Amino acid sequence: MDKYSFLNAAHSQLIADLYDQYLKYPDSVEPSWKAFFQGFDFARENYGENFFDEETTHPQAEVPAKAQQVQQMAQAVQSGEVPEDIRKEFNVMNLIDAYRRRGHLFTKTNPVRERRSYEPTLDVENFGLSQQDLNKKFSCATETGMPGPATLQEIINHLQEIYCDSIGVEYMHIRHVEEVEFIRQWLQQNENHPELSAEEKTDILHKLNQAVAFENFLHTKFVGQKRFSLEGGETLIPALDQLITRSSQHGVDEVVLGMAHRGRLNVLANIFGKSYKQIFSEFEGKEFEEDVFSGDVKYHLGSSRIVEMASGEEVAINLTPNPSHLETVASLVEGISRAKVDHKYHDFSKVLPVIIHGDGAAAAQGIVYEVAQMMTLEGYKTGGSIHIVINNQVSFTTNYLDARSSTYCTDVAKVTDSPIMHVNADDVEAVVHAMHFAADFRAKFGKDVYIDLLGYRKYGHNEGDEPRFTQPHLYKIIAKHPNPREIYKEKLLKDEIVSNEVLKKMESDFKALLNEDFDASKEIERNRIDTFMGDDWKDFVYSKSGDVLKKVDTGYDLEKLKELAVEMSTLPSDKKFINKITRLFDNRLKMIKENTLDWALGEWLAYATLLKENHGVRISGEDVERGTFSHRHAVLKTEDAEEEYIPLRHISDSQFDIYNSLLSEYGVLGFDYGYAMASPNTLTIWEAQFGDFANGAQIIIDQYLVAAEEKWRVQNGIVLLLPHGAEGQGAEHSSARLERFLTLCANDNIIVGNFTTPANLFHAFRRQLKWGFRKPLVVMSPKSLLRHPRVISTFEDLANGEFQTIIDDENANSDKVEKLVFCSGKLYYELLAKKEELGAENVALVRMEQLYPLDMEKIQQIFDKYSSRKELIWAQEEPENMGAWSYILRNFRDAGFKVFAAPASGVPAPGSHKRFEFNQKNIINGVFGEAGDSDTEIIEK
């Protein structure tokens, strides 16, 4: 009985405590103990309380009666004095536990490959049992859902059906007992196989026929064109159909779906109902209706539809547009879903996020992990997502053994205690069954579920690829392998569910429809992209050239503004905060009284006024609640109980949300971009802890932020706050890479600013929601300016002012100005200090607050005003090869600008503080015509 050697040193009270714990929470005890206690229970229940020899026991009065029996049983097992049949019960319990934990390793889930072998196997000999035991009956059969005692062979057959057929289940890693028990009971119904009516099976065949016939048709009519076919995974179509149907029965009103390329056209056609002739016309290369609309390849496009279920219920379904960058869309799906929960349904059960992955991407892309970790976080949860992996068993040309170190591509699911089903994609009924489970589990527990759909990829990465270059053996098998429709058709014929005549008619009718639409597609002269989430954007227009430079009324009633400022800056008297917080808010009230508003007050008043106007505000990012530089303090904690107090939630019924994010940029910016995509009347802000952290989210910026409107006609009003500016802190955290954003600017796609006053920040935020369209706003938000004594505005600046794209030098006499200096950001205040020190009346300092789009009209007015100038200067603290200089030079080729900047470099700022001071001093002195230090001098110093 080495299996129970752990009992040797166990104290009786320990065993008693463990047994009590097992009775309350069976899955919370260590597996060996659990199996032992299960065996004990079966022995006691089926063989009586005194099934052991009293001479082998050593009662201890201080131990509770049942626990004493457990201890006695432990001693009896260890000494080998327990009867053989009881010991066998223990061994069968271990076998049952092994099927639950490891049965997924021995399934029939792979349609085209042999499963890898794993040791130890589930052979009875590995559990202290023999072939002679197969016909013996064991009481623990009831533990598997069987009605009473059964032979070992019957138990094994039962377990094989549940755990080792076309579905492999991983759930024993889950720590929550209630969830484990739910899954166990769910699997034991019908031995983890569906019970479907003849009508349901015919419906499944119909969807499968649509999926297969559609791909065959495209392959015949558009030879060699990329379409990223679903062939080898066609059961995805009936799977999604059933998932949506089952979920609607659980109360889901809207589905948000994200996927990459493979199978997208099939999903658009056969789930979203996009007309076949429209898809065919895209293959014909028809021009899009709007000339300024660049468009995108057909397997990136999004769509929104209302579909009617068989029960008559209507469900809104949305397929999110996506770029080629794998898995980026997952974060958007979560953000869109959360926005719909927050602003439309107010119920997590009403919105279902579905994310379709590729196997290689699910295993290797870091954003998959980032999104998984959002599952239960207060600011990012969506009530559980369904993850479906279209598992081709090969990534482009990389075999799965080279694509990951984990056993499965879905092993990330174990991080969040999510259940996983591995399903043979050739068995459509098993696939449907898995979808039913996913819908049921998600509805009950609000957690993620992963479905690993094991199929294959018929034609390689795309239809022009030759997969036999790298997988010759596998593709010999695939070439001879029947598609899932043929496999299911034969099954239904054998079971006499359908006849050959019905099948032939089903196939011929659908083929005729495809041919008819194919012919009609040739008559379409122009095509128009599907509108993604059109209902959410029906009140908005697309901007025309120049619209973003037109004046917008962003003012607010002066007296109401003052009242808001006092209200949100006054702490409740019944709550105790730390002294620093109390002093900070006292200082805010002092600033309000003195009419000197700092950056934080300008920001807060922008939020407060928008909330009063029935707009929502959402802010997300690392440490945003207090602000990385402790300026915001939007969430306060009481000193003793750490109770949260959020002042901006007490001034309006509108939704104000602010969340410290998980330590992620890529996933969180994608989430917030998706949130803004679905909530155009909410000011949605993502703040980077430091501006250069935007590097970690560059894919979202490149593929969505700056490009989505041109590619997909999708607008977005997200705001990025990127703390930017050289402070002598080294190469990191100095630059938000302004030059990158300016390189990406075209066709009024985004707004890029580097504001220097609280009032301009106030008006820029309000302008975001006052426009009749939406544009992303990128703010090179300050660090040192947060508390700079000269960075103040008045209530009148906020109430009666407007956003200023350019701020002229109000103290300059244009007749005396010889040097006209343009700059941006915090450098202005350093230049201003030098100007005042020198009394340099010949220098005018002009702040370029909005770098894109440039307000050329105002800039020309500045040029005209200072027409007697002798020098035109662009000054920046960034290295000459970075910052805005190249952009300024490109836009003012003939203006005669000269530049004063830090020397060109491969890093945004020097690591040496002395070198930083040297560069900064030389820039400032150069602007004013003073000699700076030499390199030799600074090194000597």
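Predicted model, so just to flag it, every value in this text is computed and none were measured.
The main-chain N or O of E878 is found under 3.5 Å from a side-chain atom of Q876 such that the two form a donor-acceptor pair. Distance alone, capped at 3.5 Å, places no donor-acceptor pair between the S734 side chain and the A726 backbone. Panel note: side chain Y666, backbone Q698; no donor-acceptor pair is recorded below 3.5 Å. Between the side chain of N749 and the main chain of C745, no donor-acceptor pair closer than 3.5 Å is present. A donor-acceptor pair under 3.5 Å is formed between the side chain of N716 and the backbone N or O of Y673. No donor-acceptor distance shorter than 3.5 angstrom exists from the side chain of E665 to the backbone of G696, with no hydrogens or angles considered. With K783 contributing its side chain and G725 its backbone, the two residues share a donor-acceptor pair below 3.5 Å. Although no hydrogens or angles enter the test, the distance criterion places a donor-acceptor pair under 3.5 Å between the side chain of S664 and the main chain of G667. Side-chain atoms of H724 come within 3.5 Å of backbone atoms of A736 as a donor-acceptor pair (strictly under, hydrogens ignored).
Side-chain contact of N760 with E849: a donor-acceptor pair under 3.5 Å is present, judged by distance alone. A donor-acceptor contact closer than 3.5 angstrom is absent between the side chains of N811 and E841. In this model, a donor atom of one side chain and an acceptor atom of the other lie less than 3.5 Å apart for T794 and D797. T805 and Q850 share no side-chain donor-acceptor pair at under 3.5 Å. Side-chain contact, T609 with R766: a donor N or O sits under 3.5 Å from an acceptor N or O. Side-chain atoms of R740 and N695 form a donor-acceptor pair, as typed in the model, at a separation below 3.5 Å. For H913 and Q729, the side-chain atoms include no donor-acceptor pair closer than 3.5 Å. Under the 3.5 Å distance criterion, with hydrogens and angles disregarded, no donor-acceptor pair is assigned to the side chains of E622 and N660.
Using cut-offs of 30° and 60° for the angle between ring planes, the H788 and Y829 rings count as tilted. Using bins of under 30°, 30° to 60° and over 60° for the plane-to-plane angle, the ring pair F822/F863 lands in the perpendicular bin. The aromatic rings of F773 and W771 sit parallel, their planes meeting at an angle under 30°, below the 60° perpendicular limit.
Salt-bridge check for E709 with K775: passed, with a basic side-chain N closer than 4.0 Å to an acidic carboxylate O. A salt bridge links R618 to D672: one of the charged nitrogens lies within less than 4.0 Å of a carboxylate oxygen. Residues D586 and R583 are not paired through a salt bridge, judged by the lack of any N-O separation under 4.0 Å between the basic side chain and the carboxylate. Salt bridge E871/R869: absent, no basic N to carboxylate O contact under 4.0 Å. Salt-bridge formation is not detected for the pair E594/R588: no Lys NZ or Arg NE/NH1/NH2 atom is positioned less than 4.0 Å from an Asp or Glu carboxylate oxygen. K914 and E917 are not joined by a salt bridge, as no carboxylate oxygen comes within less than 4.0 angstrom of a charged side-chain nitrogen. Ionic pairing of K858 and D808 is not present here: no N-O contact between side-chain nitrogen and carboxylate oxygen is shorter than 4.0 angstrom.
Smallest separation of non-hydrogen atoms from F765 and E603: CE1-CG, 4.1 Å. Taking every heavy atom of both residues into account, I807 and T757 meet most closely at CD1-CG2, 4.3 Å. The minimum heavy-atom distance linking K637 with F577 is given by the pair O-CD2, 3.5 Å. For the residue pair V329 and P321, the shortest heavy atom distance occurs at CG2-O, 3.8 Å. Across all non-hydrogen atoms, the minimal contact from I873 to V927 is CD1-O, 4.1 Å. Residues A844 and D809 come closest through the heavy atom pair CA-OD2, 3.5 Å.
Put simply, the side chain of I751 reaches to within 4.5 Å of the side chain of V548, judged on heavy atoms. Counting heavy atoms from C-beta outward, L597 and L798 have side chains that approach closer than 4.5 Å. Side-chain contact between V778 and Y852 is absent, with no heavy-atom pair separated by less than 4.5 Å. Contact of the L683 side chain with the I685 side chain is registered, since non-hydrogen atoms from C-beta on lie closer than 4.5 Å.
Taking the ring centroids of F803 and F755, they lie under the 6.0 Å cut-off. The aromatic ring centres of Y704 and W712 sit less than 6.0 Å apart. Close placement of the F690 and F629 rings is indicated, their centers lying within 6.0 Å of each other. Ring-centre distance between H733 and F693: below the 6.0 Å cut-off.
Surrounding CD of E642 are at most 12 heavy atoms belonging to other residues, nucleotides or ligands under 6.0 Å away. Around atom CD of E796, more than 12 heavy atoms belonging to other residues, nucleotides or ligands sit under 6.0 Å away.
A cation-pi arrangement, defined by a distance under 6.0 Å to the six-membered ring centre and an angle within 45 degrees of its axis, is absent between R338 and F671.
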- Decide yes or no on side chain to side chain contact (heavy atoms under 4.5 Å, CB included) for L831 and I924, but give the supporting numbers first. CA-CA 6 Å; L831 292 170; I924 295 166; 4.0 Å; yes

- Task: Could you please spell out the steps behind the salt bridge (charged side-chain N to carboxylate O under 4.0 Å, His left out) verdict for R790 and E836?
- Result: CA-CA 13 Å; R790 303 192 70 160; E836 292 174 344; 2.7 Å; yes

- Message: Is there a side chain to side chain contact (heavy atoms under 4.5 Å, CB included) between M848 and D855? Walk through the geometry before answering.
- Response: CA-CA 9 Å; M848 201 171 279; D855 192 338; over 6 Å; no

- Query: Given T756 and K826, is the side chain to side chain contact (heavy atoms under 4.5 Å, CB included) satisfied, shown in steps?
  - Reply: CA-CA 7 Å; T756 59; K826 82 172 191 48; over 6 Å; no

- Task: Check step by step if side chain to side chain contact (heavy atoms under 4.5 Å, CB included) holds for Y380 and S661.
- Result: CA-CA 8 Å; Y380 306 91; S661 73; 2.9 Å; yes

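Remark: of the listed residues Q768, R767, H763, H763 is the sole one forming a side-chain hydrogen bond (donor to acceptor under 3.5 Å, both in side chains) with T554. Here the rule is side chain to side chain contact (heavy atoms under 4.5 Å, CB included) with V706, and of L744, T743, N747 only L744 fits it.
Taking CG of L845 as the reference point, atom CD of E810 lies at 11.5 Å (rounded to 0.5 Å). Atom NE2 in H325 sits 4.5 Å away from atom CD in Q703 (nearest 0.5 Å). R847 contributes atom CZ, which lies 8.0 Å from atom CD of Q804 (distance to the nearest 0.5 angstrom). With rounding to the nearest 0.5 Å, the separation of CG in N587 from CG in D598 is 9.5 Å. Atoms CG and CG, from L332 and N322 in turn, are 9.5 Å apart once rounded to the nearest 0.5 Å. Note that CD1 of I888 and CH2 of W874 are 4.5 Å apart. Values are rounded to the nearest 0.5 Å.
For the side chain to side chain contact (heavy atoms under 4.5 Å, CB included) test, residues two or more places apart in sequence or in another chain that qualify with E687 are V624, R632, L721.
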